[in-house]
Amino acid sequence: MKNIILLFMLFTASFSLAQNTGSIIGKLTDKEYNNEPLAFANVLVKGTTKGTTSDIDGLYSLENIQAGNYILQFSFVGYETQEIPVKVVAGKVTEVNVPMGASAASLDEIVITTTTRRESETALLLEQKRAVEMKQSIGAEELSRKGVGDAAGAVAKISGVSKQEGSNNVYVRGLGDRYLNTTMNGLSLPSNNINNKNIDLNLFSSDVIENISVSKAYSARFYGDFSAGNIDITSKDYTGNGFLDIALSSGANTRAVGKDFLRNEGTGYLGDYARYNHHPFAVILSHSPDPVEGETPINIGVSLSGGKSFTFKDDSRLSLFLTASFDNSFEYRDGIVTDYTANLNKLFPDSEVYNYATTSTAMASAIYKINNENKLKYSSLFINSSNDQVGFYGVDGKGILFNFSDQPSGYFQSNYQFNQDIVLVNQLTGEHSSGKLKLDWGIGHNRVFAHEPDRKRFSYLNYDNLLDNDPSTNPTFAQNNVFNNQRYFQNIEDEELNSRLSLAYKASESFKVIVGHDGKSRQRLFDNSRYGYKNIDTNLYTITDVRNLNDLFNLEGFENGLYETHVFNAISPENGITQTNFPGKLENTYKGMLDIYAGYVSLEINAGKKWLFIPGVRLENYNQRIEYNAINLRPDDPGFAATKETFVLPSFNVKYSLNENQNLRFAVSKTISFPEFKEIAPFVYEGISYRIGGNQDLLGTNTGVNLTNKSYSDIYNLDLKYEWFLSKGEILSMGAFAKQINDPINLVLAADATGTQRYFRTGEKAEILGVELEVRKDLLVDENKDTLLAAGLNFTYMHTEQDLYSTIEGSYGTSFNRATDQLEGASPFIINADLSFKPIISEKFSPAANLVFNYSSDRIFSLGSGDVGNIVEKAVPKLDFVLKNKIGKNSEVNLSAKNLLNPSIETIREDTPIGNVTLSSYKRGITLGLQFKHTF
């Protein structure tokens, strides 16, 4: 009876309360993103604790609000608060639909201040949830939280993605550079390095990144050369009243501190070099080879960012954004370096390398919003990157040159090398909509200038004589080859025009058709020249310091006959201009051309509220040609290789919504892979301990043993993924994938006397099977459901296997003593994890501590041949700590400690007649950093 009375009283009270209360409902939409629903936005009754958040469809509701006048506050991560006066009428429902945007909305009572970029983890998870295809993204907010400074470090935090420590290579699902594509704002980017197909992601500082997405499943809108995935960088822009950010940073590497750093003569602190217009022969006669003293090894960084919007009549707006930054770093390495090809060629038990690196970045963007249906964006990006390296190999006097002696010969080499890459990217994009039609387009122009000017390399025998305190014994120059001591010059210029066009027609809520076009035309020009020091007169010149050769290699020494110069290609031997003591022609050149034109059709079919089907087909034509003039070619080599192919590439993506927070995804497709210029150009690049060259047979122009005359690889892809969006910042996802690559390309030790590694089509097929797991979870939240402690983990396991031909013959040959092997570049295990703690100490002080861990297991760098095993990059664990300290509203003081575990970076040659051989081993040290940032 008491329970019945209690229920009656509660009902009566509720009914009575309802007579004095009302409700507010509505929908939030995003004007800046085609009025799509805005989920996870906060709605608060100002001056109270009553509030809610919008759901996946942008809907919200506030119940049992006392009748009266209120101010509703609407906010979203990355958006300034909007305030709307609302009158609540007792017993009635008030509907307030809010189109949030950067300019005044149509409702007079809505007051909108400013809006900024979509770069938060919450917004990107929402985008992933809504996406019709499989993709994962990381935004500027997460990059800042984890202390990530560039795009390479950013993508390495995404499941199935790893970065090779100590280099610029990025691997997606175990597939490396040749199987990836990189774009910015949907337009292709150039490569800045002869050895890579893709641009070095280290060059993109976090200052220019709004977010980075990795699409691992193919759809018709991507170029057909798609195997592992497409990495797209969305450049930052700004929409708002105006801001100015200034950041200053400093730091040091534990292994570099206290070292007397050396740099190449003629290079600048900012990563510049002023002698590109001088002829190489003039440079070697007028500029001495010795390195010069460098700066104190303290890392410095400075960045400026600013933006402002200008609003005009008719809701049009011009938004400007500009950012510029400079960073440098000092790194000291010491350890073993070995050259082992078919045999042990040379061994340096102890080496020292001083590396000074710089990155300068500037980007400007202008967005002109004509109206709500039309928008234009122009982006211009400039990147200057440099590496200034001075290396000494065999510093302990125990270096061995094995074709000279099998006993320690005091073999020593010095290598002074400067590399500068200049990248220019200009893009114009547009978005237009009218009723059921939406048009997206873009055009881009890319230029790359990659230089390696005046590399100096010297070789010595009996270097140990300098260490024995006997002034009567000295080392000598190794002169069995005229290029043991040399000056080397290399230039690359790339130019590309590219475009994209997409027209979407949304016939109904359940059917959309998209037709599009992509095109790009690319050209690369490459040349190098080399001058060897010949007949160095050691009777007249005694080596007392290998770091001081200025007294020998100068104009006076040349005129007095202390040495001679030598080139491969004489200008005019018939007129007495020979290879000795004269300038020469270029040693190697090639011109690569690539044209791709494609059209595609894609459908989006909604079957009810749960099923989404995306069938697509792409028709793509590619035309690739390379013309080359390289040394040591076969006499019958035509000097060019070319191919022209047309492909039909189908794809089918399916999304099934189990409920509003869970998705199942399925994708199947056929794609292709064609060789990059560096893989087909028969030019050989010589490092201290390696030689890598291309193979013109890859374009199918030779009919040697096991050559298929195919210029491309067919690839079949299958993906399955489950996603559960636990809350606005939490996710659990699991996936499985399978790939088959027909006629795969691998880097292999060729069967020749020089021990050169070259690219071959090594077998009929390669197979990849893998699984992925990703978890992001809040472990501790406060009373406002703000995250205090959160953890993230993603894990990938892959099994790869490819069959191998027993023998390959053509322009170059190789052989295998095994029928199968793992795929080059594939790490079976990849783990990325992070732990974030964000205590709320006060309104003026809010720190955030982040611990970030990465691990990639062993992977093959290059396949061995004959009885010589593979070159393997050993597993590397990496642990970083980042402490972000926000002080007040506008300032930050941040601390970082990178590479806390300081693991050895090792490469080995497996299964040689003398066992596993360490090719290189060194530690990078721990880098400590301090940053101050202020926003005006």
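In this chain, numbering begins with 1 at the start of the sequence shown.
- Looking at heavy atoms from C-beta onward, Tyr597 lies in side-chain contact with Asp595 at the 4.5 angstrom threshold.
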With salt bridge (Lys or Arg N to Asp or Glu O under 4.0 Å) as the test, would you mind laying out the steps for Glu620 and Arg618 before giving the verdict? CA-CA 6 Å; Glu620 184 167 291; Arg618 183 180 184 92; 2.7 Å; yes

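- Counting heavy atoms from C-beta on, the side chains of Lys670 and Asn717 never come closer than 4.5 Å.
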Could you give me the CA-CA distance, side-chain angles and deciding distance for Lys765 and Asp743, then say whether salt bridge (Lys or Arg N to Asp or Glu O under 4.0 Å) is met? CA-CA 5 Å; Lys765 69 177 184 298; Asp743 304 296; over 6 Å; no

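- Within the cation-pi definition used here (under 6.0 Å to the ring centroid, within 45° of the axis), Arg625 qualifies as a partner of Phe640.
- Rounded to the nearest 0.5 angstrom, Gln822 CD and Asn746 CG are separated by 11.5 Å.
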Verify salt bridge (Lys or Arg N to Asp or Glu O under 4.0 Å) between Glu495 and Lys591, making sure each step is shown before the conclusion. CA-CA 12 Å; Glu495 184 170 16; Lys591 179 180 180 181; over 6 Å; no

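- Scanning for salt bridge (Lys or Arg N to Asp or Glu O under 4.0 Å) contacts around Arg530 gives Glu587, Glu686, with sequence neighbours left out.
- Shown here are the salt bridge (Lys or Arg N to Asp or Glu O under 4.0 Å) partners of Arg761, two or more places apart in sequence or in another chain: there are none.
- Atom OH of Tyr690 is separated from atom CD1 of Ile692 by 6.0 Å, given to the nearest 0.5 angstrom.
- Put simply, the side chain of Val648 reaches to within 4.5 Å of the side chain of Val617, judged on heavy atoms.
- For Tyr628 against Asp637, the heavy-atom pair with the smallest separation is OH-OD1, 2.6 Å.
- Relative to the six-membered ring of Phe683, Arg758 misses at least one condition, a distance below 6.0 Å or an angle of at most 45° to the axis.
- By the 30° and 60° cut-offs, the orientation of the rings of Phe652 relative to Phe613 is parallel.
- No hydrogens or angles considered: nothing links the side chains of Thr589 and Asp527 as a donor-acceptor pair under 3.5 Å.
- In plain terms, the two heavy atoms of Ile808 and Thr762 that are nearest each other are CD1-CA, 3.9 Å.
- Closest heavy-atom contact between Gly813 and Phe760: O-CZ, 3.8 Å.
- No side-chain donor-acceptor contact under 3.5 Å links Glu493 and Asn491.
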